[in-house]
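Worksheet for the structure shown next.
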2 protein chains.
Amino acid sequence: MKILLFLSYVGTAYCGYQVQKNGTSIQQRLNEAAKSLFGFDCDIVGCSRTDKGVHANEFCATVSKKGESGIESTIPEPSLPKAFNSYLPGDICIKSAKYVSDAFHPRYDVKFKEYVYKIYTESIQDPFLFGRVWNYCREIDGEALKKMNEAAAYFVGKHDFSAFMASGSSVSCTVREVTEAKVVRNGNTVEFYVAADGFLYNMVRIMTGTLIAVAEGKISPDEIEAVIASCDRSRAGMTAPPDGLYLNRVEY
Amino acid sequence: MKILLFLSYVGTAYCGYQVQKNGTSIQQRLNEAAKSLFGFDCDIVGCSRTDKGVHANEFCATVSKKGESGIESTIPEPSLPKAFNSYLPGDICIKSAKYVSDAFHPRYDVKFKEYVYKIYTESIQDPFLFGRVWNYCREIDGEALKKMNEAAAYFVGKHDFSAFMASGSSVSCTVREVTEAKVVRNGNTVEFYVAADGFLYNMVRIMTGTLIAVAEGKISPDEIEAVIASCDRSRAGMTAPPDGLYLNRVEY
């Protein structure tokens, strides 16, 4: 069996999810915690690779003994979160955990993932949201919000999203199926929710930048169809900063 | 004239409000911002001295030219917040500002200050609240909340609060008038609001620790009257950690 962890983290202090030479990663902290808990090295496999400064309300990762397909563990399932959390820093928390079969893969078995991107619209920043929203700091009125939703509707469906992929990325297939794309106001923030079977590099951040271009009247909502069809990164909007991005839900 | 700043900050990264030899303080950051903005050294006088790790939803400070009773400034009042914020880190923000007379004193002129102390009650921590709540992580039920409010009611009035002052503190007068003391549930947190004309060192944190002792049945609500009258620190509860404490409102 493997252990499947459901965790939440503030990405601000980390170089991203994945282990890197420079900087501390979420994966490294999970590796250290697993080693402290079990006394041997473990393999940690995540559902996704979040970038530097990106957060997770829900992220999934499996734990197995290093080089093996599973792990022997006598810890009762309900005790797993606190057992791991006692070895983790306060900005990474295991919310729940369960035992799954050796065959389970946290990335390949994902049905869909949902991201939320938070755009702060008050003119004066909130220090408690520093690093946790995009400090856009301009009003997005009802008309602009409506346009953003009209534009977002074009994302839904199975498309080649090359126009919404950072250059330099090398993936063989750039077709993804988006099942949800909506923009809602939540107090001082405007939030973009998007769910898909997978995401290209920087896809949500470029989608967000494009929706802001729509809000500002630089791109009209019905141009989005042509932007997608163009497969041309230069036709989409800017890449929004990582601060506002959260992996929100992972569905298996 | 002086400039009166209304600011908000996350205390996590700071050694407290006041300039100290070791560590960076909020006051130091304000001093640096004022010098960058005006080109000369300034005196920054705060309404209070918050401790290491304590936060502010509202904090007040005045700015005058170093060694002088006021400052010459041509910045229009509405432009003051953004002018200062452009020189401040993202975890300190000026929310509003106004010009006041040279005679104004941000500490002596306070009518009352309100603090809020946030106690997190879910069993599993929330990484986004790390350093921003007391991770008590135990349930506080309706009965316990009721007892906490019965106890808090004894704080209201003009009392010698020596029993709620950290040892080693040297103030000439330990009498303070508390005008509000209530405990409310707010989602995953229980919040203690307390307003007074002034506070002794660690007073809110010791009050909070005492209310938790009441919630846990270690002290009965009607014992609080005797605890106050005893002027004996050892009869009150523990000092709650700084993380959950916020200066919430300053009234002139």
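Sequence lines set the chain letters: A, B, ... in the order given, protein chains first and strands last, and positions in each chain run from 1.
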Seminar exercise, completed: Whatever's closer than 4.5 Å to a heavy atom in chain B on A:Leu7 counts as neither

Seminar exercise, completed: Honestly, the part of A:Tyr9 sitting under 4.5 Å from a heavy atom of chain B is backbone

For this session: Cation-pi check, A:Lys182 to A:Tyr193: give yes when NZ or CZ is under 6.0 Å from the six-membered ring centre and within 45° of the ring axis, no otherwise.
Result: yes

Problem set entry | Segment of A:Ser123 engaging chain B (4.5 angstrom heavy-atom cut-off) | both

Problem set entry | Cationic N near anionic O, under 4.0 Å, B:Lys35 to B:Glu32 | no

Exercise. Does the gap between the ring centers of A:Phe104 and A:Tyr252 come in under 6.0 Å?
Worked result: yes

Problem set entry | A:Tyr14 versus A:Thr50, side-chain donor and acceptor atoms under 3.5 Å | no

